[in-house]
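Below is one structure, written out as structure tokens; the observations come after it.
Indexing begins at 1, ligand by ligand and atom by atom, following the structure's order.
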Amino acid sequence: MNILILGAAGRISHLVAKYILSQTDHNLILYARRAQGRLKVTVPGRMRLVDGDFKHTKPLLEALNGADIVYVNAMDDTEGLKNILAAMEEKKVKRFIGASILGIYDEVPGAFGAWNKRMVGTERIKLQAANAGLVEASELDYTILRLTWLYDQQNNRNYMLTYKGEAFRGAQVTREAVAQLIVDMIDEKSEKYLKTSLGVSEPDTDWNKPSFY
Ligand SMILES: NC(=O)c1ccc[n+]([C@@H]2O[C@H](COP(=O)([O-])OP(=O)(O)OC[C@H]3O[C@@H](n4cnc5c(N)ncnc54)[C@H](OP(=O)(O)O)[C@@H]3O)[C@@H](O)[C@H]2O)c1
């Protein structure tokens with residue numbers, strides 16, 4: 001399959017690309033602002049770079065040529081997200097996986113929920129909630145990832161999921177774990193992740209705030 005990563009210069013995107021190359025036979029289309037200057041083709045024949053912003057329709061349509069699955073590493077640009085959804089519809093690419101944030105359904109209980117709201121801010125949460133709503137209202141086979149607080153730890157790929165309607169659990173998760181989850185989802189044969197919005201965290205981190213705060 002051909003996996004299109006939108007926002008490919010981002011930190012989770014780098015890990016997703018690395019894991020796809022090492023763990024699978026899939027090809028990569030890497031889409032980023034100034035992609036040619038910032039990203040490298042390390043495996044010729046399996047990688048293609050496209051320069052562009054989410055708001056730029058022409059390069060986006062070009063990047064979607066032949067794509068089977070799209071991973072979007074940021075969902076806070078409303079105009080850009082609308083453009084991505086329209087371009088996917090036009091190119092008949094159905095599978096969307098996107099990175100959002102925890103708290104968009106007011107689903108984070110207790111002291112951690114209050115801390116998160118204070119730290120992220122109501123306006124940013126509202127924006128992400130509205131943008132997630134655009135994806136949920138689409139015809140796409142989407143998975144929205146509501147990521148908890150991110151940190152980096154090599155070889156820590158532990159993740160757990162909570163489902164829409166459930167209380168959110170977990171104050172932190174590594175970017176390595178999120179990237180592994182995305183690769184696992186790409187290779188998932190069942191339809192269990194389609195049309196879902198999942199809370200993503202590390203097991204046994206039900207704390208009042210992340211350990212690094
Ligand atoms: N930090 C946390 O604790 C936390 C918690 C929950 C969720 N999140 C979310 O998780 C996501 C992934 O995390 P990360 O660490 O990998 O983020 P990151 O390194 O900031 O990557 C996001 C990427 O998206 C790209 N992007 C954003 N808008 C774009 C646009 N309009 N056109 C083209 N590219 C665009 C950025 O491009 P440029 O490099 O060109 O700016 C950046 O490379 C982020 O969206 C973040 O908001 C973060």
Side-chain angles (χ1 to χ4, degrees), residues 4-20 29-39 49-64 70-88 96-105 107-108 112-113 115-121 123-132 134-135 143-153 156 159 161-162 168-183 197-202 205 207 209-213:
L4 169 58
I5 301 182
L6 298 178
R11 285 171 288 179
I12 289 176
S13 302
H14 269 297
L15 294 167
V16 172
K18 184 171 147 188
Y19 297 170
I20 285 176
I29 308 162
L30 302 179
Y31 186 93
R33 299 188 268 230
R34 293 184 292 106
Q36 305 290 344
R38 296 165 82 193
L39 302 173
L49 304 184
V50 182
D51 281 316
D53 189 283
F54 298 167
K55 294 190 252 311
H56 299 158
T57 306
K58 205 172 158 222
L60 202 50
L61 289 172
E62 201 273 297
L64 278 161
V70 176
Y71 169 64
V72 185
N73 202 42
M75 284 177 56
D76 51 3
D77 173 357
T78 307
E79 194 190 331
L81 182 66
K82 283 182 180 168
N83 201 36
I84 292 167
L85 298 179
M88 287 182 70
F96 173 105
I97 302 171
S100 182
I101 62 171
L102 75 172
I104 59 174
Y105 311 120
E107 79 280 22
V108 192
F112 176 54
W115 180 88
N116 180 66
K117 221 180 254 178
R118 209 167 53 244
M119 294 296 281
V120 178
E123 286 313 306
R124 204 174 139 217
I125 293 174
K126 268 198 219 155
L127 173 75
Q128 289 272 6
N131 289 354
L134 293 174
V135 175
T143 309
I144 295 168
L145 303 177
R146 285 175 280 122
L147 306 178
T148 191
W149 287 72
L150 299 170
Y151 70 114
D152 296 292
Q153 191 172 79
N156 178 352
Y159 63 77
L161 303 175
T162 50
F168 196 96
R169 295 188 54 190
Q172 64 188 45
V173 69
T174 65
R175 289 184 178 82
E176 288 79 359
V178 175
Q180 188 60 56
L181 167 65
I182 292 161
V183 176
S197 171
L198 304 170
V200 183
S201 59
E202 181 173 333
T205 65
W207 306 323
K209 56 187 177 133
S211 61
F212 42 88
Y213 267 90

Do ligand 1 and R11 have nitrogen or oxygen atoms that lie under 3.5 Å from each other? yes
Tell me which one of Y31, W149, F54 gets a heavy atom nearest to atom 32 (N) of ligand 1. F54
Any side-chain donor near an acceptor of the partner, Q172 and S211, under 3.5 Å: yes
Distance flag, aromatic centroids of F212 and W149, threshold under 6.0 Å: no
Which heavy atom of the protein is the closest neighbour of atom 25 (C) of ligand 1, given with residue, atom name and distance? G7 CA, 3.8 Å
I'd like to know if the side chain of H56 reaches the main chain of D53, judged simply by a donor and an acceptor atom lying under 3.5 Å from each other, with no hydrogens or angles considered. yes
Compute the shortest N/O to N/O distance between R175 and ligand 1 and return yes if it is under 3.5 Å, no if not. yes
For ligand 1, is there an N or O atom under 3.5 Å from any N or O atom of G52? no
For ligand 1, find out whether one of its N or O atoms is nearer than 3.5 Å to an N or O atom of L150. yes
Can you check whether D53 has an N/O within less than 3.5 Å of an N/O in ligand 1? yes
Within less than 4.0 angstrom of ligand 1, does G10 place any heavy atom? yes
Donor-acceptor contact present, side-chain D51 to main-chain Q36, <3.5 Å: yes
Result for side-chain contact (heavy atoms from CB on, under 4.5 Å) between L198 and one of T143, L181, I144 points to T143
Residue, atom and distance of the protein heavy atom nearest atom 24 (O) of ligand 1 read A74 CB, 3.7 Å
Can you tell me the protein heavy atom closest to atom 47 (O) of ligand 1 and the distance? R124 NH2, 3.9 Å
Residue A9 vicinity, atoms of ligand 1 by number, heavy atom under 4.0 Å: 43 (O)
Report, in ascending order of atom number, the atoms of ligand 1 lying under 4.0 Å from any heavy atom of D77. 31 (N)
Sidechain-backbone polar pair: R38 side chain, R33 backbone, donor-acceptor under 3.5 Å: yes
Going through the distances and angles, do K126 and E123 end up as a salt bridge (charged side-chain N to carboxylate O under 4.0 Å, His left out)? CA-CA 5 Å; K126 268 198 219 155; E123 286 313 306; 3.6 Å; yes
Does even one non-hydrogen atom of S100 get within less than 4.0 Å of ligand 1? yes
Which of parallel (below 30°), tilted (30 to 60°) and perpendicular (above 60°) describes F168 and F112? tilted
Give me the nearest non-hydrogen protein atom to atom 10 (O) of ligand 1 as residue plus atom name, then the distance to 0.1 Å. L147 CD1, 3.6 Å
I'd like to know if the side chain of S100 and the backbone of L145 have a donor-acceptor N/O pair within less than 3.5 Å. no
Does the protein put any heavy atom within less than 4.0 Å of atom 4 (C) of ligand 1? yes
Is there a donor in the side chain of Y151 and an acceptor in the side chain of E202, or the other way round, less than 3.5 Å apart? yes
Can you confirm, on distance only, whether ligand 1 has an N/O atom lying under 3.5 Å from any N/O atom belonging to R33? yes
Atoms of ligand 1 under 4.0 Å from any heavy atom of I101, numbered from 1 in the order shown, are 6 (C), 7 (C)
Heavy-atom contacts with R38 under 4.0 Å: which atoms of ligand 1 show up? List them by number with element. 38 (P), 39 (O), 40 (O)
Do any N or O atoms from the side chain of Q180 and from the backbone of E176 form a donor-acceptor pair under 3.5 angstrom? no
Within 4.0 Å of some non-hydrogen atom of I12, the atoms of ligand 1 are 12 (C), 13 (O), 16 (O)
Which atoms of ligand 1 are found less than 4.0 Å from any heavy atom of T148? 5 (C), 6 (C)
Pairs of nitrogen or oxygen atoms closer than 3.5 Å, one from N73 and one from ligand 1: do any exist? yes
The residue among V50, L49, L39 that forms side-chain contact (heavy atoms from CB on, under 4.5 Å) with Y31 is V50
Show, in sequence, the C-alpha distance, side-chain angles and deciding distance for L6 and Y71, and conclude whether the side-chain contact (heavy atoms from CB on, under 4.5 Å) test is met. CA-CA 6 Å; L6 298 178; Y71 169 64; over 6 Å; no
